[in-house]
Amino acid sequence: MAITIASAMVMQVSSCQDAQRENPLLQESEVPFGAPDFSKIQTSDYLPAFEAAIQQTRDHIQQIVENQDSATFENTILALEESDRLLDRVSRVFFALTEAEKTPEIGEIEKKVQPMLTDLENEISFNKPLFERIRQVYDREHDTLTGEDQKLLEETYKRFVRKGALLPDDKMERMKEINLRISDLQTQWGDLLSDATNEAVVWVDKKEDLAGLSEADIAQCQKDAESRGGKAPYAIVIVNTTQQAPLASLDNRDLRKKVYEASIHRADGTGKFNTFPLVVEIAKLRAEQAELMGYPNYASYSLENTMAKTPVNVYDFLMNLIKAYVPKADAETKTIENFARKTQGAEFQLQPYDYFYYSAKMKKELLDISEDEVKPYFNVDSVLINGVFYAANRVYGLTFKERKDIPTYHPDMKTFEVIDKDGKTKALFYCDYFRRPTKRGGAWMDGFQKQSRQWNQLPIIFNVCNSAKAPEGQPSLLTWDEVTTMFHEFGHALHGMLSDCQYNSLSGTSVYRDFVEMPSQFNESFASIPEVFDHYARHYKTGEPMPADLKERMLKSINFQPCYALGENLAATCIDLAWHMLASKDIPTADKAIEFETEALRKVGLLNPFIPISPRYYTSYFNHVWGGGYAAGYYSYLWTEVLAVNIADVFAQRGALKPETGQEFRDKILSRGNTGDLMQMFTDFTGMEQPDASSLLKARGL
């Protein structure tokens with residue numbers, strides 16, 4: 001039936017568009033592995049493809065509801081799992097572009113598509129006859145089903161209940177309205193933040209003002225200026241986080257301050273952009289959602305479906321870290337400030353835009369090392385092939401074959417066939433590492449297709465980063481942070497590529513968000529393992545490995561003055577929770593948002609004028625929370641870091657690159673998606689009943 005409906009839709013759309021052309025998004029792709037055929041897909045294909053796929057999903061839901069047979073796992077749960085297969089394919093291709101290649105045309109289509117998808121989600125979530133069939137299956141068959149079948153039933157039932165399927169009619173209607181409005185606001189947020197970040201570029205007239213930057217970095221500033229209209233000879237582009245990489249090198253303090261303030265004020269209303277009206281409305285609507293569901297606030301509602309379970313557990317976890325962090329951060333700050341006063345005078349007061357600069361100077365003096373000294377050994381291609389891929393080969397037995405015959409959505413992308421140790425193709429992997437104006441900030445993993453045995457689907461996974469692409473003829477060199485980011489995102493990719501699950505909705509990274517970051521953070525550990533490091537850290541000109549002395553100093557520098565990194569994460573996490581612990585009536589107005597944010601940091605002891613550490617994201621550009629899926633969940637990066645450190649300790653004890661350990665980790669965690677209890681998976685691999693949080697501070701050098 002699915003094939004018949006799809007064919008009918010294709011014919012209808014084709015006749016409207018072009019009698020000689022079928023919409024490639026609605027066809028089975030002829031590209032190897034079923035990958036999207038970007039050589040054929042046109043921007044004008046997306047909207048009609050969504051219309052056809054949404055209608056197909058509606059038809060499938062209607063067939064389930066109208067089925068006169070008693071509800072069973074097969075005719076209800078499996079039928080529901082099948083109902084949006086075409087829509088899933090279209091959505092995955094389109095929303096990859098809204099994040100990484102968002103042209104104005106794609107942006108306009110997104111504005112039309114998001115309400116359509118929210119309408120459909122509301123129709124399904126609040127379809128009473130559909131939910132009644134799901135409930136009947138849950139009541140009758142839950143205890144007789146086993147394994148992934150039982151898990152799929154549990155997750156399906158729970159998803160409908162948490163969406164509001166048990167609400168009375170009046171509350172259900174209000175929930176529908178809220179869902180639609182939040183969808184619209186998040187689209188507005190994405191557009192506004194992207195414009196604000198692009199507009200926040202700092203223009204520089206004279207090369208001498210860039211003193212401290214390497215010649216390669218200055219050349220990148222010149223290239224960035226040209227690509228953004230050439231208002232001045234040089235431009236410092238603002239990226240997604242608060243701190244900007246040039247702040248560690250720029251000698252000009254006034255310019256450092258200007259760059260920092262451009263970053264923190266990009267969207268708070270001090271300039272032409274202001275996201276706070278969107279923030280407070282989203283926060284109010286989320287709080288109201290929680291109240292409709294019977295919870296005191298959104299955090300309580302959201303955290304129920306995580307490993308942490310409650311805000312109390314999260315705050316206990318965070319406050320233990322803050323208690324250990326504050327005295328160490330105070331001592332670290334005084335050390336850096338005293339170092340700066342040796343050259344700047346006894347009255348010098350360290351500011352956030354000075355922190356990285358003088359820390360880097362101290363690192364250079366004490367360890368005789370700087371980013372410019374090590375970057376020539378971190379060529380992006382070597383990090384990928386000789387580092388990221390090499391570690392995956394040693395640990396999991398994977399090999400990677402570049403496929404230049406597979407179309408991509410941008411020329412900068414590379415594509416690799418992933419071959420398992422048995423010689424069979426396991427996945428397809430795309431990487432898109434360089435920044436451009438059409439790409440949002442940050443780094444992420446997603447997929448054009450998830451693994452599913454039911455659908456006979458191989459995973460088609462991609463990583464996206466925002467490193468600077470060198471001018472033509474020059475090597476693209478990375479900072480250490482960018483190196484670890486590549487390993488991090490590839491950890492997510494492995495979670496998707498090594499999935500071995502029956503059902504699409506349970507496979508890969510479809511796990512609680514305070515578990516999903518664990519494989520990625522664990523994979524970062526391979527970046528500094530000596531054998532892996534020596535294999536990729538090679539000079540881009542000579543191919544020689546990093547000299548032993550430089551390597552020793554570089555690895556020592558990883559945890560040099562580590563407090564800032566922990567503090568900025570703790571601060572951002574507490575801002576996220578503060579917003580989502582409020583009842584709807586207590587949400588501040590847009591003009592009071594900064595005041596609220598400041599008070600929230602003060603309450604948890606993270607607003608200390610003598611420790612000038614900024615949150616990784618201030619509210620006005622906190623995309624994880626207001627545009628992404630991490631509302632009341634940003635803590636998960638720290639939470640999962642604990643899990644990752646515990647797992648890395650197990651690998652270290654058994655042999656970090658030992659294939660047997662990699663296979664066990666793959667069997668017990670990476671391959672299993674959301675098919676079992678996540679804490680039990682952790683216990684099965686580590687032997688630990690509970691994670692050991694003290695390991696995090698040790699791993700961070702604290």
Side-chain angles (χ1 to χ4, degrees), residues 240-244 247 257 260-261 263-270 274-276 279-280 282-283 286-287 297-299 303 311-334 336-337 349-356 562-583 586-626 630-639 697 700 702:
N240 64 321
T241 55
T242 294
Q243 287 289 353
Q244 306 294 310
L247 295 179
K257 181 179 180 181
Y260 174 79
E261 291 188 341
S263 177
I264 65 172
H265 294 308
R266 71 186 80 173
D268 64 4
T270 56
N274 187 0
T275 60
F276 283 135
V279 165
V280 298
I282 293 171
R286 284 176 177 164
N297 51 60
Y298 186 82
L303 289 168
V312 170
N313 289 340
V314 175
Y315 271 115
D316 285 347
F317 169 70
L318 294 173
M319 294 311 296
N320 284 333
L321 291 177
I322 291 170
K323 182 179 178 180
Y325 152 81
V326 169
K328 295 179 185 296
D330 185 35
E332 180 176 294
T333 299
K334 287 177 181 176
I336 296 172
E337 189 169 66
Q349 298 291 319
L350 192 74
Q351 299 297 323
Y353 46 84
D354 298 318
Y355 210 104
F356 283 4
C563 287
Y564 198 105
L566 178 58
E568 66 173 358
N569 273 343
L570 285 168
T573 295
C574 290
I575 287 173
D576 167 32
L577 283 173
W579 279 102
H580 293 103
M581 286 293 289
L582 297 175
D586 297 327
I587 304 292
T589 55
D591 61 320
K592 299 292 185 182
I594 294 178
E595 182 181 320
F596 170 77
E597 176 183 73
T598 302
E599 179 62 14
L601 292 174
R602 186 195 65 77
K603 285 181 178 178
V604 294
L606 292 174
L607 190 70
N608 186 335
F610 302 107
I611 307 177
I613 292 177
S614 305
R616 187 165 176 81
Y617 304 96
Y618 278 107
T619 298
S620 61
Y621 51 93
F622 205 162
N623 189 61
H624 285 75
V625 169
W626 307 113
Y630 281 79
Y634 195 69
Y635 78 92
S636 59
Y637 283 93
L638 291 170
W639 183 279
L697 295 174
R700 289 209 176 212
L702 292 168

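Atom set for the values below is all heavy atoms of this structure, side chains included, hydrogens, waters and symmetry mates excluded. Heads up: numbering here begins at 1 and tracks the sequence.
Across Arg616 and Ala572, no two heavy atoms sit closer than the pair N-CB, 4.0 Å. Across Ser614 and Pro352, no two heavy atoms sit closer than the pair OG-CB, 3.6 Å. Minimum heavy-atom separation, Met581 to Pro311: SD-CB, 3.6 Å. Here the closest non-hydrogen pair linking Glu332 and Pro562 is OE1-N, 3.2 Å. Contact between Gln349 and Asp354 at its shortest, heavy atoms only, is O-OD2, 3.9 Å. Ala631 approaches Asp576 most closely through the heavy-atom pair C-OD1, 3.8 Å.
Taking the side chain as every heavy atom from C-beta outward, Trp626 and Trp579 approach each other to under 4.5 Å. Within the 4.5 Å cutoff, the side chain of Thr333 has heavy atoms near those of the Tyr355 side chain. Counting heavy atoms from C-beta on, the side chains of Leu638 and Thr573 come closer than 4.5 Å.
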### Task
Would you check, one step at a time, whether the test side chain to side chain contact (heavy atoms under 4.5 Å, CB included) holds for Val625 with His580?
CA-CA 10 Å; Val625 169; His580 293 103; 3.3 Å; yes

### Query
Do Gln243 and Tyr353 pass the side chain to side chain contact (heavy atoms under 4.5 Å, CB included) test, and can you show the C-alpha distance, the side-chain angles, and the key distance before you say yes or no?
CA-CA 8 Å; Gln243 287 289 353; Tyr353 46 84; 5.9 Å; no

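A donor-acceptor pair under 3.5 Å is formed between the side chain of Thr275 and the backbone N or O of Ser620. The backbone N or O of Ser263 sits less than 3.5 Å from a side-chain atom of Arg266, completing a donor-acceptor pair. Distance alone, capped at 3.5 Å, places no donor-acceptor pair between the Asn297 side chain and the Ala583 backbone. For Glu568 (side chain) and Leu566 (main-chain N/O), no donor-acceptor pair under 3.5 Å exists by modelled atom type.
In terms of the ring pair (Phe, Tyr, Trp, His ring centres under 6.0 Å) criterion, residue partners of Phe356 (sequence neighbours excluded) are, by chain and number, Tyr564. Under the rule for a ring pair (Phe, Tyr, Trp, His ring centres under 6.0 Å), His265 has no partner lying at least two apart in sequence or in another chain. Residues meeting the ring pair (Phe, Tyr, Trp, His ring centres under 6.0 Å) test with Tyr315, sequence neighbours left out: none. With sequence neighbours left out, Tyr637 forms a ring pair (Phe, Tyr, Trp, His ring centres under 6.0 Å) with His624, Tyr630, Tyr634.
Phe622 CZ to Asn240 CG: the interatomic distance, rounded to the nearest 0.5 Å, is 11.0 Å. To the nearest 0.5 Å, atoms CD1 (Ile613) and CG (Asp330) are separated by 10.0 Å.
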Scan the side chains in residues 596-607 for donor-acceptor partners under 3.5 Å anywhere in the protein, sequence neighbours excluded, and list what turns up.
| from | atom 1 | to | atom 2 | distance (Å) |
| --- | --- | --- | --- | --- |
| Glu597 | OE2 | Thr619 | N | 2.7 |
| Glu597 | OE2 | Thr619 | OG1 | 2.7 |
| Thr598 | OG1 | Ile594 | O | 2.9 |
| Glu599 | OE1 | Arg602 | NE | 2.9 |
| Glu599 | OE2 | Arg602 | NE | 3.1 |
| Glu599 | OE2 | Arg602 | NH2 | 2.3 |

Return all side-chain donor-acceptor pairs below 3.5 angstrom for residues 317-329, not counting sequence neighbours, or 'none' if the list is empty.
| from | atom 1 | to | atom 2 | distance (Å) |
| --- | --- | --- | --- | --- |
| Asn320 | ND2 | Asp316 | O | 3.2 |
| Lys328 | NZ | Leu702 | O | 3.4 |

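Checked against Thr242 for a side chain to side chain donor-acceptor pair (under 3.5 Å), the options Tyr618, Tyr621, Tyr260 give a single hit: Tyr621.
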